[in-house]
Amino acid sequence: MSLDLRSSYAPLLALAGTVGLLGGFLGAPPTWLLAWVGLLLPLLALVARWSPVRAGVGAAVLGVAAVALWPVPLMWGPASWLEVCGAAAFWAVPALGALAAGGHLRRQASRMRQAVRDGRRDQQLELARDLHDFVAHDVSAIVVQAQAARFVADKDPEQAVRALERIEAAGLGALASMDRTVHALREAAGARSAPVPGTSELPGLVERFEGGVLDADPAAARALSREADTTAYRVAVEALTNVRRHAPGAAVVRVRLHRAAEGIELSVANSAPARGAAGLLGLGLRRRSGTGLAGLRGRVEAAGGTLRAGASADGGWRVCAVFPAQGRALG
């Protein structure tokens, strides 16, 4: 419905209400007045639904008055004031009912628009959190590799070159994450969102992580729902980021995706750091930003899974997320 047509309802109702009032008091036939009331009722509903409030109020007052007062000239004289007021009140009921019906539709449409705005804002906030998690992983890799290159540049230029290559790969990964998120933020309402990384990108993620080892079962990955697939990837990103932050001396970090008794299990385990620290030791779970492992717990549970984290037997740290398998076969 065009905006021009909507804006014409209030003037049309005002004109129709004025004509109806004048017609009644100028002696128009009752059948004509009753037909005019039948025209005013849908106009009242349309004004309540579509017209701007300021323009619609005056038109609605005229419309209700025209509907409520149309029998008054016919009753003038023989009827008492009480009977006249009763007739006016009786005919005011359908007029007010038409306004209430239009107002109800207006409120429902307003609530729907608000729900769409809220949903869009929530999606944008979620994408912003995703951007933080994914880019934080790559930026922390850049910092660690840059520090390593600075220490070995004089003694082993070849190692420094390899560190620079890993910095380049991490930087490209961060740029790709930002591009995906910005593209998704710019999507119009109802348009398809940009693809969110899933477990299919675990090989590239682990390859960029020095000391990372991946053991992924493709059949297990296919058994994950779309939501569980993207959440599992986020768990891996956050766990690897925390290893780099809190256990940089860990020689090996093993990422495993496989079928378990409870469902599909994704685990990230780092060996004991070579110097000083005892793995993550719960640091990830105590972060208050809402973007660490504690923030992921709600998302894992929303996907139907569970998240556990704790010290491993070798002195390292292990994060494990278990998701329900889908009904199709894993073979």
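Predicted model, so just to flag it, every value in this text is computed and none were measured. Basis for what follows: all heavy atoms, side chains included, without hydrogens, waters or symmetry-related copies.
In this structure, R308 does not pair ionically with E301, as no charged nitrogen and carboxylate oxygen lie closer than 4.0 Å.
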- Task: Might you work through the salt bridge (Lys or Arg N to Asp or Glu O under 4.0 Å) test for R226 and D229, ending with a clear yes or no?
- Result: CA-CA 5 Å; R226 182 178 179 182; D229 187 66; over 6 Å; no

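Between G304 and P324 the shortest heavy-atom distance is O-CD, 3.2 Å. Taking all atoms of both residues into account, the shortest heavy-atom contact from S51 to G56 is CB-CA, 4.3 Å. Considering every non-hydrogen atom in both A236 and L202, the closest pair reads CB-CD2, 3.7 Å. Considering all non-hydrogen atoms of both residues, G212 and V206 come closest at C-CG1, 3.5 Å. For the residue pair A98 and L44, the shortest heavy atom distance occurs at CB-CB, 4.0 Å. Closest non-hydrogen pair, A66 versus G17, comes out as CB-O, 3.5 Å.
Each of H258, R254, R256 was scored for a side chain to side chain contact (heavy atoms under 4.5 Å, CB included) with D215, with one residue passing: R256. Partner N270 forms a side chain to side chain contact (heavy atoms under 4.5 Å, CB included) with one of N242, L240, V243 and no other, that one being V243. Looking at L62, L46, L40 one by one, the single match for side chain to side chain contact (heavy atoms under 4.5 Å, CB included) with L13 turns out to be L40. Partner L21 forms a side chain to side chain contact (heavy atoms under 4.5 Å, CB included) with one of L69, V67, L26, V72 and no other, that one being L69.
Taking CZ of R299 as the start and CZ of R234 as the end, the distance is 4.0 Å to the nearest 0.5 Å. How far CG of L266 is from SG of C320: 7.5 Å, rounded to the nearest 0.5 Å. Atoms CG and CG, from L43 and L15 in turn, are 10.0 Å apart once rounded to the nearest 0.5 Å.
Side-chain contact between V37 and L33: absent, with no pair of heavy atoms (C-beta onward) separated by less than 4.5 Å. In this structure, the side chains of T199 and L224 come closer than 4.5 Å at one or more pairs of heavy atoms. Within the 4.5 Å cutoff, side-chain heavy atoms of V319 are placed close to those of W317. Using a 4.5 Å heavy-atom cutoff, the side chains of L205 and V255 are not in contact. For the pair V64 and L99, the minimum side-chain heavy-atom distance is below 4.5 Å.
Take E262 and apply the side chain to side chain contact (heavy atoms under 4.5 Å, CB included) test, not counting sequence neighbours, and it matches A260, V322. Listed by chain and residue number, D314 satisfy the side chain to side chain donor-acceptor pair (under 3.5 Å) test with S312 (two or more places apart in sequence, or in another chain).
Checked by atom type and distance alone, the side chain of S271 pairs as donor or acceptor with a backbone atom of A251 at under 3.5 Å. Side-chain atoms of R106 come within 3.5 Å of backbone atoms of A48 as a donor-acceptor pair (strictly under, hydrogens ignored). Judged by distance alone, with hydrogens and angles left aside, the side-chain atoms of E201 form no donor-acceptor pair with the main-chain N or O of G198 at under 3.5 Å. Between the side chain of W36 and the backbone N or O of T31, no donor-acceptor pair lies under 3.5 Å.
Side-chain contact, Q114 with R111: no donor N or O sits under 3.5 Å from an acceptor N or O.
The same ILVMFWY cluster, assembled from side-chain heavy atoms under 4.5 Å apart, contains both L96 and V47. In this structure, V268 is not a member of the same hydrophobic cluster as V252, with clusters built from ILVMFWY side-chain heavy atoms closer than 4.5 Å.
For F90, the CZ atom counts as loosely surrounded, since its 6.0 Å shell holds 12 or fewer non-hydrogen atoms of other residues, nucleotides or ligands. Heavy-atom contacts from other residues, nucleotides or ligands closer than 6.0 Å to CZ of R54 number 12 or fewer.
The six-membered or imidazole ring of W91 lies near that of W70, with a centre-to-centre distance under 6.0 Å.
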